[in-house]
Amino acid sequence: MLDRRFIRENPAAVQAAVRVKGIDLDVDELLGLDQASRELRREVDDANTRRRSFAKEFAQADEATRERLRAEHDEQDEHLQKVSAELAVVNERLQALLLLTPMIPWEGAPVGPDDSANVTIRTWGTKPVFDFEPKDHVELLESRGWAEFSRARKVAGERAYALTGDMVLLERALLSYALDHLIERGSTVISVPAMVREEPLIGTGQFPAHREETYAITADSLYLAGTAEVALVGLHAGEILDARALPIRYAGISPCFRREAGSAGRDVRGLLRVHQFEKVEQFVICAADDDESDRWHFELLGAAEHLLQGLGMHYEVVECATGDMGAGKYRMNDINTWFPSLGRFRETHSCSSLHDWQARRANVRYRDADGTVRFAYTLNNTAIATPRLLAALVENYQTAEQKVRVPEVLRPYLGGRAEL
RNA sequence: GGUGGAGUCGCCUAGUGGCCGAGGGCGCACGCCUCGAAAGCGUGUGAGGGGGCAACCUCUCCGUGGGUUCAAAUCCCACCUCCACCGCCA
């Protein structure tokens, strides 16, 4: 969400952002509503001023005068009611449009409608070379008895899965590896609610634009969050933080739920796109400073790369295009990890800077050293999302004997085992 | 699921219809005092919006949303959260 004043003063920049991000938003309507809202507000304010002085007068009047005043009041009150109602209508529509306003993207972001316009900015490592016919993760897991797919789908429908035996341990190892590394880098580990209210979903930006991607628990007016980010933003919603408390750095772990409504029929096989997964998410709330935000962006990205390098996984980092990054993002870098079975990279991480777009929605502020209250900046990045990364891992580390070699960094979490 | 209590400007608190357009204390900031500090004294100290070149004027917010009233922190209704107890329970 953008600042109303900013929109008023920079309509062309907002228009441009709407265009390159492919947002369905009528900026002219927004500007008109902003103007109308301010005019009506002025009228309501004036009416309230009169109402208040009227009450004073009434309190001091004698009974006869009061009778006369009551009649006057009805007229005034009617006007106030009418204007207030008009203002409420305008504000409701205005707020709905404001929630759709996009962050102005970084000027270096490739302009394009979707991820086809993303640009690879570096790659790390090399493709694994196999002297046998490698299996994809589904074949491998099934042949080793490491997963249940059709049985799980009997229980929970399409995209459901159950990990078995060593796969459970390997997944847990991946998560532990990520948590331990993020602690070392200075984050606070935190496990957060996966069931959340509507407010934090609006706060992060999932709602209203992506409502259909979220599971609703209607009986309790709760939703299943698609990422720990929702709770992490929500934790500090409405707060005015002390500048000395910043940056706040979290490593949040939670189950994540996604309806994948927009991807129906795609990647239905295996573990690539599932409705329920586990994720360690990096999240930062920092001061409203572009340079500082950039530093954290690369710190988060660096942490994710470090984890992948430790695992010895071949990956590429891409600069995401304006149409791919989402409304709230200032800048987004995805990391795509190599999947031998696909013969290509596939998104496993996403690092985003949102500047104050998210903090403004969630009302996360801080008091600067000079006493000024500002909206904070927020950033987030995947550390480990599994089972997608787990699938990549087993595909990359499979042997001719259908075993899986364990990367050095994970062995401490698996009782020192070098092979599964 | 049930019963009872509570939610006020960072923290604690006063406030049961108009004097609240919210008082006090703590904390914090600045000043005086001091060689320096502490103590003491003094001054200031919530957020958001609108108008004005400006000093300034003005509106909204006492958990949230409605309602009653000329007038609501205060009365009524619903909800949220916290605390205590009862029931159930991994």
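Protein chains get the first letters and strands the later ones, always in sequence-line order, with residue 1 at the start of each.
The separation of B:G1 from B:U8, taken at their P atoms, amounts to 26 Å, rounded to a whole angstrom. For B:A38 and B:C26, the P atoms lie 16 Å apart once the distance is rounded to whole Å. Remark: the separation of the P atoms in B:U3 and B:A78 is 12 Å, to the nearest Å. Rounded to a whole angstrom, the distance from the C1' atom of B:C75 to that of B:G2 is 27 Å. As rounded to the nearest Å, B:G23 and B:A6 have P atoms that lie 24 Å from one another. The C1' atoms of B:U74 and B:C19 are separated by 15 Å, rounded to the nearest whole Å. Between B:C33 and B:G15, the distance separating the two P atoms is 40 Å to the nearest Å. B:A73 and B:G21 have their C1' atoms separated by 13 Å, given to the nearest Å.
In a base pair of the Watson-Crick type (N1 to N3 plus N6-O4 or O6-N4) or a G-U wobble (N1-O2 and O6-N3), with each distance short of 3.5 Å, B:G36 is matched with no nucleotide. B:U81 is paired with B:A6 under the criterion used here, namely a Watson-Crick or G-U wobble arrangement in which both key atom distances are under 3.5 Å. Nucleotide B:A22 is matched to nothing when pairs are restricted to Watson-Crick or G-U wobble geometry with both distances under 3.5 angstrom. When both distances must be under 3.5 Å, the Watson-Crick or G-U wobble mate of B:A54 does not exist. Using Watson-Crick or G-U wobble geometry with both donor-acceptor distances under 3.5 Å, B:U68 finds no partner in any strand shown. Using Watson-Crick or G-U wobble geometry with both donor-acceptor distances under 3.5 Å, B:U16 finds no partner in any strand shown. The pairing partner recorded for B:A90 is none, the criterion being a Watson-Crick or G-U wobble arrangement whose two distances lie under 3.5 angstrom. The partner of B:C28 is B:G44, judged by Watson-Crick or G-U wobble contacts that both fall below 3.5 Å.
The environment of CZ in A:Arg411 is crowded: more than 12 heavy-atom neighbours from other residues, nucleotides or ligands sit within 6.0 Å.
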**Report entry** Per-nucleotide protein contact string for nucleotides 65-76 of chain B (B base, S sugar-phosphate only, - none; heavy atom under 4.0 Å)
**Finding:** -----BS-----

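In terms of modelled atom types and a separation under 3.5 Å, the side chain of A:Asn396 and the main chain of A:Trp338 share a donor-acceptor contact. Put simply, the side chain of A:His355 never gets that close to the backbone of A:Met103: no donor and acceptor are under 3.5 Å apart. No side-chain donor-acceptor contact under 3.5 Å links A:Arg258 to the backbone of A:Val274. Looking only at distances, no side-chain donor or acceptor of A:Thr101 sits under 3.5 Å from a matching main-chain atom of A:Leu97.
Taking the nucleotide of RNA chain B with the nearest heavy atom to each of A:Arg367 and A:Asp46, the more 5' of the two is matched to A:Arg367. Between A:Arg38 and A:Ile240, the one whose closest nucleotide on RNA chain B sits nearer the 5' end is A:Ile240.
Following rounding to the nearest Å, A:Asn91 (CG) and B:G50 (P) show an atom-to-atom distance of 11 Å. A:Gln35 has its CD atom 18 Å from the P atom of B:G49, to the nearest Å. Here B:C80 presents its P atom at 11 Å from CG of A:Leu222, a figure rounded to the nearest Å. Distance, A:Arg244 CZ to B:G27 P: 15 Å, rounded to whole Å. Nucleotide B:G49 holds its P atom 9 Å from the CZ atom of A:Arg360, rounded to whole Å. For the pair A:Leu87 CG and B:G50 C1', the interatomic distance rounds to 11 Å; values are reported in whole Å. Per the geometry, CD belonging to A:Glu239 stands 16 Å off P belonging to B:A47, to the nearest Å. Taking atom CG of A:Asp220 as the reference point, atom C1' of B:C80 lies 14 Å away to the nearest angstrom.
No salt bridge links A:Asp46 with A:Arg50; every basic N to acidic carboxylate O contact stays at or beyond 4.0 Å. Of the charged side-chain nitrogens involved, none lies within less than 4.0 Å of a carboxylate oxygen, so that A:Arg266 and A:Glu260 do not count as a salt-bridged pair. Under a 4.0 Å N-O distance rule, the pair A:Arg346/A:Asp267 qualifies as a salt bridge.
Side chains of A:Gln358 and A:Thr378: a donor on one and an acceptor on the other come within 3.5 Å.
A close approach under 4.0 Å does occur between a side-chain nitrogen or oxygen of A:Asn48 and OP1 or OP2 of B:U60. Neither OP1 nor OP2 of B:G49 sits under 4.0 Å from any side-chain N or O of A:Arg5. Phosphate proximity of B:U64 to A:Arg197: absent, as no side-chain N or O sits under 4.0 Å from OP1 or OP2. A close approach under 4.0 Å does not occur between any side-chain nitrogen or oxygen of A:Arg50 and OP1 or OP2 of B:C59.
The side chain of A:Arg42 has B:G50 as its nearest neighbour among B:U81, B:G50, B:A47. When distances run from any side-chain atom of A:Arg8 to the nucleotides B:G50, B:A47, B:U81, the shortest one goes to B:G50.
A cation-pi arrangement is absent between A:Arg51 and A:Phe54 under the rule of less than 6.0 angstrom and at most 45 degrees off the ring axis.
Scanning atom types as modelled, one donor and one acceptor separated by under 3.5 angstrom connect the side chain of A:Asp45 and the base of B:G49.
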